[in-house]
Amino acid sequence: MAHPDELETLTKAFSGHGIHEQALISILGKWQPEEKKSFRKGNPNLFIEDERNFERWDDHHVRLLKHEFMRFKNAVVLWTMHPWERDARLVKEALKKGPQSYGILIEISCTRSADELLGTRRAYHSLFDHSIEEDVAYHVNGSERKLFVALVSAYRYEGSKVKEDVAKSEAMTLSNAIKEADKRKPIEDDEVIRILSTRSKPHLQAIYKHYNEISGKNIDEELDIDLRLNETVQCLCSPQKYFSKVLDTALTKDTDKNIKKALTRVIVTRADTDMKEIKQEYNNQFGVPLSKKIEDTTNGNYKDFLLTLIARGG
Amino acid sequence: MASLKVPELVPSPAEDAEQLRKAFQGWGTNEALIISILAHRNAAQRKIIRETYAQTYGEDLLKDLDKELSSDFERAVLLWVLDPAERDAFLANEATKRLTSNNWIVMEIACTRSSHDLFVVRQAYHARFKRSLEEDVAYHTSGDFRKLLVPLVTSFRYEGDEVNMTLAKSEAKILHEKISDKAYNDEEIIRILTTRSKSQINATLNHYNNAFGNAINKDLKTDPEDEYLKLLRATIKCLTCPEKYFEKVLRLAINKLGTDEWALTRVVTTRAEVDMQRIKEEYHRRNSVPLERAIDSDTSGDYEKMLLALIGHGDA
C-alpha cells in the first residue's frame, strides 16, 4: 500500500508547472505491482475503469503530462535560441493560435528595442518566406489589424530627446479620443494609432505623465475599455509592471495551457534584460518574492532552470 | 543599370580632395573641375573623399560646396555627394515639410528602394532628425494618404522570388471587388499593396489583368483628378515597373513650363547609380528623343553639365 505522504508528493509532482522528476524516481521507482494497482484504482480522474477489467490511462491526462515533461525542454530550446529567431517564432505561433494569443504580438513589438524588432523581422523572412507585416495583416481581422500592423512595423527613434509641447498636445488628443469612446472606438482612431505606433518610448512616457496631469488618472487605467490598447500602453510605458502581471497570472494554479506558457516566455526573454526590475515590481505588486512563487508553483528541473535564470544579475 | 561613368584609373581620395579644395580657391569657383571629379565617383568613393577632405582641411565638404555654389547646380551637387541613405532621409524630411508633391516623394522612396535600403534610410533619419521617419510622415499626413504612406514607409517586404499562385488569384479577386465597389481606400487594398513582396504583387496584378481584362491602373483611372487615386496608381507603378514611373516623372518635369528642376535633380541623383540606363532607354522609347537632348534643350550652364555627366554623357 502506498504511503499517503508519497501519494501527496506524487500528486504535487504532477501538478503545477513542470514535473518533479526526483519524486517520480524515488517513489514510483520503488513501487511493486500492488502499489501501482491501488494507485490506478485510487485515481479515477487519471485512470478510467475499462469494461474489460483493467484501468486505462486517460488520454487527455497523458497529453497533459507530456506537456509538463516538455516544459523544461521548451525552456532550454527557447533560451538557447537567437533572440531574433525566438521572437519570430513566437509571433508566428501567436498568429496561428488566434486572437487569444494576440497579446504576444503587442508584447514583442512594444517591449523590444527598435533594432531587436528589426532583427526579428529579418529572421521572419528567413524562417517563413513572408514579411511579418504581411502575415499579421493577413491573419488579424477587424479593428485590431491597423494597430497590430503599425506596431510590428515601427522603428522608433531611440534617443531621449522629447518635445514637451508636442507630448502635451498628444496627451490631449488621446484624452479626447478616450472621452469619445462611445462614439468611436479608440482602437480605430487614426490619431491614437499614429501616436502609439510611431512615437518614441521616451516621448510616450512624457505623454503618460502629461495625461496624468490633465485628467488625474493614468492613461492605461482609462483604456481598460480596450484590452489591446491597455496592453500596448503598458508595454510601451511600464513594461515591468506588465510582465509581473503576466507572470502572476501564469503562476496561478489551474490556468489553461496557453497562459502557463507565458511563464517560460517571459523569464527566458527578460532574463538578460530587465529581470531585476521585474522582480522588484513583482514584489511590490504582490507582496511575495517572485522566486518564492516559482518555488511553490513549479517542479523539478524546470523549476531549477527558472530559478537559475531569474537569479542572474542580482 | 547605372549610368554613372567612373574612370578606369581613379585618382587617390587625397588628390581628389586637393583638387576640390583648389576649385574653391581664388576668384569664383571652378565648377567644371568639381563636375569632372564628383560626377565620376561612386558612392563609396565619394564617402572616402568627404572623410579625407574633412581630415585634411578640417571642414565638411558639403558646407564648403554650400558656400561656393548656388541654386540648381548646388542642389544637384549636394544631393549627389550625400550618401544614398542620407540623401533619401533628407528628401523624405523635406517632403514632409513642403505643401504639395510631398506624398509622391515619400511614396517613391518607400517603393523603389530595396527592403534593406529602406531600412538604412530609416536609421539615417533617426541619426539626422532625432525622430523616426514614420512619426513625421504620420504627423504630416492625414486620412487616406496617411493610411497608404505610413505602412509603405514602415514595410520590410520579403525579398525572395517565391510566389504563391493561389494567393495571387484570391488577392486579385479581392482587389477587383473593392475597386468595383469604388472602395479605393479599403483596408484590403492597402494591406495587399503595403505588405506583400514585390514578386507576389507582380503575380497578383498579372492575374488581375488576365482574369478581368484590364490592367489594374486602368480600372483605377475612374476619376483623373482624384489625388489619392493618382498616388495609388503611382504606388503600383513604382512597385512593379519603376523605370516607367521615373520616365514619367522626368517627362513631366521637362515638359512643364519652365521645368521642374527639383524633380529632375531628384530622379537623376537618386537613380544614376541604380537604373538610370534603363530609365534612359524607356525615355527614348516613349519620347523618341534621347534624354540627353531633352535635358540639353531644357537646362543650361553648370547644372546641365552636372546632370549630363551623371546620366553618362561624355567620358569618365
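A note on names: the letters A, B, ... follow the listed sequences, proteins ahead of strands, and every chain is numbered from 1. Not measured: the values here are computed from a predicted model.
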Which residue out of A:Ser197, A:Ala154, A:Gly159 racks up the most heavy-atom pairs below 4.5 Å with chain B?
A:Ala154
Heavy-atom distances under 4.5 Å only: say whether B:Leu167 touches chain A with side chain, backbone, both or neither.
side chain
Counting only non-hydrogen atoms closer than 4.5 Å, can you tell me which residues of residues 84-110 of chain A sit against chain B?
none
Pick from A:Arg156, A:Lys146, A:His125 with the largest number of heavy-atom pairs that fall under 4.5 Å of chain B:
A:His125
I would like to know whether B:Tyr158 and A:Asp129 meet side chain to side chain contact (heavy atoms under 4.5 Å, CB included); could you show each step before the answer?
CA-CA 7 Å; B:Tyr158 174 63; A:Asp129 293 334; 3.1 Å; yes
In this structure, are over 12 heavy atoms from other groups packed under 6.0 Å from A:Lys245 atom NZ?
yes
If you apply the rule side chain to side chain contact (heavy atoms under 4.5 Å, CB included), what do you find for A:Arg199 with B:Tyr139, and how did you get there?
CA-CA 10 Å; A:Arg199 291 305 187 197; B:Tyr139 188 62; 3.5 Å; yes
Any chance you could measure A:Ile193, atom CD1, to B:Lys147, atom NZ, to the nearest 0.5 Å?
10.0 Å
Against chain B, label A:Tyr138 side chain, backbone, both or neither, depending on which of its atoms sit under 4.5 Å from a heavy atom there.
both
Nearest-0.5 Å distance, OG of residue B:Ser142 to CD of residue A:Glu191
9.0 Å
Please classify the contact of A:Arg122 with chain B as side chain, backbone, both or neither, using a heavy-atom distance under 4.5 Å.
both
Among residues 226-238 of chain B, which residues come closer than 4.5 Å to chain A, judged by heavy atom distances?
none
If contact means a heavy atom pair closer than 4.5 Å, which residues of residues 117-134 of chain B contact chain A?
B:Phe119, B:Arg122, B:Gln123, B:His126, B:Lys130, B:Arg131, B:Ser132, B:Glu134
Hey, which residues of residues 182-217 of chain B are touching chain A, say heavy atoms under 4.5 Å apart?
B:Glu187, B:Glu188, B:Arg191, B:Thr195, B:Arg196, B:Ser197
